[in-house]
Trainee: 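Below are the structure tokens for one structure; questions will follow.
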Amino acid sequence: MDHFRGRITTPLTADLLRGALDLERTARGGLLPHRLPAPARARAGGDEQVAQAESQPSGVRVVFRSRATAVELDVLRTVVGHRGLPPLPNGAYDLYVDGKAVGRASASGGNVLMVDLSDGARELFPGSPGTVSFTGLPAREKTVEIWLPYTETTELLGLRTDAPVEALEPGGRPVWLHHGSSISQGSSADSSATAWPALAAASGGVELVNASLAGSALLDPFIAGALRDAPADLISVKIGINVVNHDAMGAGDFGPAVHGFLDTVRDGHPTVPLLVVSPILCPAQEDTPGPAAPDVSEGRVEFTALGDPADAAHGKLTLRVVREELARIVAERAADDPWLSYLDGLTLYGEADHAELPLPDRLHPDAAAHRRIGERFGAFAFGPGGPFAAVGGG
């Protein structure tokens, strides 16, 4: 360690990070957390949406023990902008001390990835690093966690404190591995730490690894392989919304794709509790097939389903069909797999919830709905008799 501006500089190493499936050492000497391992990233075939989503560190946090009262984290962020729309809010870095939220900050500067929603064209505008600062921490030995934002790719460049830092010993809490869509990644929660999987993990006393990928939960074999190979004591997969809003496959293809995905996961985790979760309510696609497209008007984005409801009778997928198929598939497989279970997404967020807490962009739940979903998932999965109750740390 060396001293800089009255602070102790601690090298960022793997033992100070939680929630990532891979860490890349960058040309600047920093660490870039990934939520997919290198082999899976290679098999994505250059898919820019996958690359963007997996590098946004939802659920990833810097964790250490220290008596420090001040913490500074140098980062180079890459934020996403959309042509013709106002800039998105800065991503939130949430600070937790001994498991309790005590602060929130954001970074300045950084790269800007400008995306044109009309044709998907992307242009990167380079920027400079920034610093996230927290002060006024209690002057005692404590566990410090800094949750990184789910909306910004975050290259970690430096950690400074006013007292020495010590890595936590690994292990201790069960690892919950979750895969889903942008809703599970965090959109439109206030922060990574307040996205519904993080809230559910806190209630269950487990270590979250959030392998959710905005726009890319499409039952791809390389994602199933990543889940197969990742350490996990508990696994959940939330399936369906991206398949429908991408119009990625028909009803005849969906069942075999789900079976193949679950077969691959089971190859690596034959007896780990595995929970299949169907989509929450999304009125735009309950009975209307995809594709879904963003509708930009007056500086706002709303998602609209472009399919014809009549086509559902001819094999086009809707959310209603997806839920029926998932319930059937899990019931069939559970006859030979006692560790497999199903959760209907409508029990997490249904019609009554939509009437009270409507989806702001007709697709993603807001911060209050994330809290409700997290509470309900936690109560179901980790509560008495729940599929994760025997392994959960709560």
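Residues take their numbers from the sequence shown, with the count starting at 1. From a predicted model like this one, the values you see are computed outputs, not experimental measurements.
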Trainee: Got a salt bridge between E169 and R65, using NZ or NE/NH1/NH2 to carboxylate O under 4.0 Å?
Mentor: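 Salt bridge flag = no for R65 with E169.
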Trainee: Is T161 reaching over with its side chain to a backbone N or O of V71, donor-acceptor style, under 3.5 angstrom?
Mentor: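 No.
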Trainee: Would you mind reporting whether D337 and L262 have side-chain heavy atoms less than 4.5 Å apart?
Mentor: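 Answer no - side chains too far apart.
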Trainee: Less than 4.5 Å apart, any side-chain heavy atom of H259 and any of E332?
Mentor: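 Contact flag for H259/E332 side chains = yes.
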Trainee: Under the side-chain contact (heavy atoms from CB on, under 4.5 Å) rule, what do D22 and R41 come out as? Steps first, then yes or no, please.
Mentor: CA-CA 10 Å; D22 195 15; R41 302 199 302 273; 3.0 Å; yes
Trainee: Do S182 and S187 get their side chains close enough for a donor-acceptor pair, meaning under 3.5 Å?
Mentor: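 The answer is no; no qualifying pair exists.
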Trainee: Please tell me if the side chains of K100 and K142 come closer than 4.5 Å, counting only heavy atoms from C-beta onward.
Mentor: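 A side-chain contact is absent here, since even the closest heavy-atom pair is not under 4.5 Å.
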Trainee: To check you understand the geometry: which heavy-atom pair defines the closest contact between P57 and T154, and what is its length?
Mentor: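 Taking P57 first and T154 second, the nearest heavy atoms are CG-OG1, 3.7 Å.
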Trainee: Looking only at atom types and distance, does a side-chain atom of Q285 sit under 3.5 Å from a main-chain N or O of A305, one as donor and one as acceptor?
Mentor: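 Looks like no, no N/O pair under 3.5 Å.
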Trainee: Quick one: are P174 and V391 in side-chain contact, heavy atoms under 4.5 Å?
Mentor: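 In contact.
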Trainee: Give me the atom names and distance for the closest heavy-atom approach of P129 to L76.
Mentor: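 The answer is N-CD1, 3.7 Å.
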Trainee: Around atom CD of E351, are there more than 12 heavy atoms of other residues, nucleotides or ligands at under 6.0 Å?
Mentor: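 No, the 6.0 Å shell around CD holds no more than 12 heavy atoms from other groups.
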Trainee: Taking CZ in R300 as the centre, count heavy atoms belonging to other residues, nucleotides or ligands within less than 6.0 Å. Is the count above 12?
Mentor: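 Result for CZ/R300: open.
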Trainee: Just checking R43: does its CZ atom have more than 12 heavy atoms from other residues, nucleotides or ligands closer to it than 6.0 angstrom?
Mentor: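 No, CZ of R43 has 12 or fewer neighbouring heavy atoms, counting only those of other groups under 6.0 Å.
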Trainee: Any idea how H179 and F261 line up, ring-wise: parallel (<30°), tilted (30 to 60°), or perpendicular (>60°)?
Mentor: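 Parallel: the ring planes of H179 and F261 meet at under 30°.
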Trainee: How about I183 and P279: do any of their side-chain heavy atoms sit closer than 4.5 Å?
Mentor: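 No, side chains not in contact.
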Trainee: Say whether, by atom type as modelled, one donor and one acceptor occur between the side chain of S58 and the main chain of Q185 under 3.5 angstrom.
Mentor: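 At least one qualifying donor-acceptor pair exists.
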Trainee: Within a strict 4.5 Å, meaning less than it, do heavy atoms of the L148 and L156 side chains meet?
Mentor: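 With C-beta onward as the side chain, the pair touches.
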Trainee: Would you tell me whether D287 and T318 have side-chain atoms, one donor and one acceptor, within less than 3.5 Å of each other?
Mentor: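 Absent: no donor and acceptor within the cut-off.
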Trainee: Could you tell me whether R266 and D336 make a salt bridge, using a distance below 4.0 angstrom between a side-chain N and a carboxylate O?
Mentor: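 Salt bridge: no.
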Trainee: So, the side chain of H246 versus the backbone of G215: is there a donor-acceptor pair under 3.5 Å, distance only?
Mentor: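 Yes; judged by distance alone, with no hydrogens or angles, the pair exists.
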Trainee: Provide the full list of salt bridge (Lys or Arg N to Asp or Glu O under 4.0 Å) pairs with a residue in residues 310-319, sequence neighbours left out, each pair given once.
Mentor: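 Residue pairs with at least one partner in residues 310-319: D247-K316.
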Trainee: State, with a plain yes or no, whether a side-chain heavy atom of E123 is found less than 4.5 Å away from one of D116.
Mentor: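 E123 does not reach D116 side chain to side chain.
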Trainee: Counting only N and O atoms by type, is there a donor-acceptor contact under 3.5 Å from the side chain of H269 to the main-chain atoms of R228?
Mentor: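 At least one qualifying donor-acceptor pair exists.
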Trainee: How close do S133 and T131 get, counting heavy atoms only, and between which atoms?
Mentor: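 Shortest heavy-atom separation between S133 and T131 comes out as OG-CG2, 3.7 Å.
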Trainee: Do any pairs count as a salt bridge (Lys or Arg N to Asp or Glu O under 4.0 Å) and have a residue in residues 150-159, sequence neighbours left out, and if so which ones?
Mentor: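 The answer is R28-E155, R77-E152.
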Trainee: Minimum heavy-atom separation for D366 and P360, please, with both atom names.
Mentor: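 Heavy atoms only, the tightest pair is CB-CG, 3.8 Å.
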Trainee: When you check the gap from the basic side-chain N to the acidic O, do R372 and E375 get nearer than 4.0 Å?
Mentor: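 Here R372 does not pair with E375 in a salt bridge, since their nearest N and O are not under 4.0 Å apart.
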Trainee: Determine yes or no for a side-chain-to-main-chain donor-acceptor pair under 3.5 angstrom, with R122 supplying the side chain and V115 the backbone.
Mentor: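 Absent.
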Trainee: Of the options I8, D74, T10, which is the one that meets R160 in a side-chain contact (heavy atoms from CB on, under 4.5 Å)?
Mentor: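 Single pass found, and it is D74.
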Trainee: I want to check something: taking the side chain as every heavy atom from C-beta on, are V277 and L348 in contact at a cut-off of under 4.5 Å?
Mentor: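 When only atoms from C-beta onward are counted, L348 and V277 do touch, with a gap below 4.5 Å.
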Trainee: Taking T194's backbone N and O only, do any of them form a donor-acceptor pair with R371's side chain (distance below 3.5 Å, no angle check)?
Mentor: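 A pair under 3.5 Å: no.
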Trainee: Classify the angle between the aromatic ring planes of H178 and F377 as parallel (below 30°), tilted (30 to 60°) or perpendicular (above 60°).
Mentor: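 Perpendicular: the ring planes of H178 and F377 meet at over 60°.
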Trainee: What heavy-atom pair brings A369 and Y349 nearest, and what distance separates the two atoms?
Mentor: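 Closest heavy-atom pair between A369 and Y349: CB-CE1, 4.1 Å.
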